[in-house]
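Computed over heavy atoms, backbone and side chain alike; hydrogens, waters and symmetry mates excluded. Start at 1 and go down the list; that is how both ligands and their atoms are numbered.
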Amino acid sequence: MSDTSDDCVFCTIVAGEIPAEVLGSNDHAIAIKDLNPQAPFHALVIPHDHHENAAASAAADPASIGHLVSLADEVARAAGNADYRLIANTGSGAGQTVFHTHIHVLGGSSRMTESLI
Ligand code: 5GP
Ligand code: ZN
C-alpha cells in the first residue's frame, strides 16, 4: 500500500503519463472510458491513491469510497445514464485484473436488467 506504485497502469494514467479519455474528475479521483467497454457506457472511476482494492481504500480512508461513488454518478448522468451499475471486482477470482482500486460504471444496455446478483 502506498500513494503510487511504479508498475501500476492506473497510477500511470492518474499521473497523466499514458493517455486516457477522461470523462470527469474531482480532488480525489478521475473517471475515464474503459479501453475494452462491456456496455454502451463503461467508465472506470479511479482514486489518485494506490490501494489494491476498494476495501483497502476504505480501510485507509472510508470517505474515499464516497468520493468515487459521487464521481461515478456525475459522469453517468452527464452521459445520459441516470440508471447504471457499479462494480468493484475484488480479487482475481472475481475478475480483478488491475490491482489499483477502481469502480466500473456501466450503463446504456438492456442487459442491465439481467440479474447477476
Ligand atoms: P478489472 O478486471 O480489474 O475489474 O478491470 C480492469 C479494467 O481496466 C478492464 O475493464 C480493462 O479494460 C481496463 N483497462 C486496463 N488497462 C487500461 C488502460 O490502459 N486504459 C483504460 N482506459 N482502461 C484499461
Ligand atoms: Zn496504482
Any atoms of ligand 1 less than 4.0 Å from a non-hydrogen atom of [X]? List them with their elements.
X: Asn36; answer: 12 (O)
X: Ile13; answer: 18 (C), 19 (O), 20 (N)
X: Leu44; answer: 8 (O), 13 (C), 23 (N)
X: Val9; answer: 19 (O)
X: Phe10; answer: 8 (O)
X: Val98; answer: 3 (O), 6 (C)

[X] to [Y] - nearest heavy-atom pair and separation:
X: Asn26; Y: His67; value: ND2-O, 3.3 Å
X: Ala29; Y: Leu68; value: CB-CD2, 3.6 Å
X: Phe41; Y: Ala79; value: CE1-CB, 3.5 Å
X: Gly108; Y: Pro40; value: O-CG, 3.1 Å
X: Pro37; Y: His42; value: CA-ND1, 3.5 Å
X: Leu106; Y: Gln38; value: CD2-CB, 4.5 Å

Task: Ring centroid separation His104 to His102 under 6.0 Å - done: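 Under 6.0 Å, so yes.
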Open item on the list: Please compare Gly95, Ala20, Pro37 and report which has the shortest non-hydrogen distance to atom 2 (O) of ligand 1.
Closed with: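 Shortest heavy-atom distance from atom 2 (O) of ligand 1: Gly95.
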Minimum-distance protein heavy atom relative to [atom]:
atom: atom 1 (P) of ligand 1; result: His102 NE2, 3.2 Å
atom: atom 3 (O) of ligand 1; result: Thr97 N, 2.7 Å
atom: atom 22 (N) of ligand 1; result: Lys33 O, 2.9 Å

TODO: Determine whether more than 12 heavy atoms belonging to other residues, nucleotides or ligands lie under 6.0 Å from atom CD of Glu21.
DONE: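 Not buried by this count: 12 neighbours or fewer within 6.0 Å.
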Heteroatom distance test ([X], ligand 1): nitrogen or oxygen, under 3.5 angstrom:
X: Asp34; result: yes
X: Leu35; result: yes
X: His104; result: yes

- [ ] Could you check if a side-chain atom of Ser57 sits within less than 4.5 angstrom of a side-chain atom of Asp49, using non-hydrogen atoms only?
- [x]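 The answer is no, as the side chains (C-beta and beyond) never meet within the 4.5 Å cut-off.
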Open item on the list: Before moving on, can you tell me the angle at the Zn ion (ligand 2) between the SG atom of Cys11 and the SG atom of Cys8, to the nearest 10 degrees?
Closed with: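 The angle at the Zn ion (ligand 2) comes to 120°, rounded to the nearest 10°.
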TODO: Return the name of the atom in His50, of element N, O or S, nearest to the Zn ion (ligand 2).
DONE: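 The Zn ion (ligand 2) is closest to the His50 atom ND1, counting only N, O or S.
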Task: Shortest-distance N/O/S atom, His100 versus the Zn ion (ligand 2) - done: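 Sorting the N, O and S atoms of His100 by distance to the Zn ion (ligand 2) puts ND1 first.
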Open item on the list: Please work out, at 4.0 Å between heavy atoms, whether the side chain, the backbone, both, or neither of Ile32 comes within that distance of ligand 1.
Closed with: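 Within the 4.0 Å criterion, Ile32 contacts ligand 1 through side-chain atoms alone.
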Task: Heavy-atom donor-acceptor pair, Ser25 side chain to Ile30 backbone, under 3.5 Å - done: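 Not confirmed, Ser25 side chain does not pair with Ile30 backbone.
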Open item on the list: Using the side chain to side chain contact (heavy atoms under 4.5 Å, CB included) definition, which of the options Asp34, Val45, Asp73, Val69 pairs with Val105?
Closed with: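 When side chain to side chain contact (heavy atoms under 4.5 Å, CB included) is applied between Val105 and each of Asp34, Val45, Asp73, Val69, only Val45 qualifies.
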Open item on the list: For Glu21, state whether at least one heavy atom is located under 4.0 Å from any atom of ligand 1.
Closed with: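 The answer is no: ligand 1 sits nowhere under 4.0 Å from a heavy atom of Glu21.
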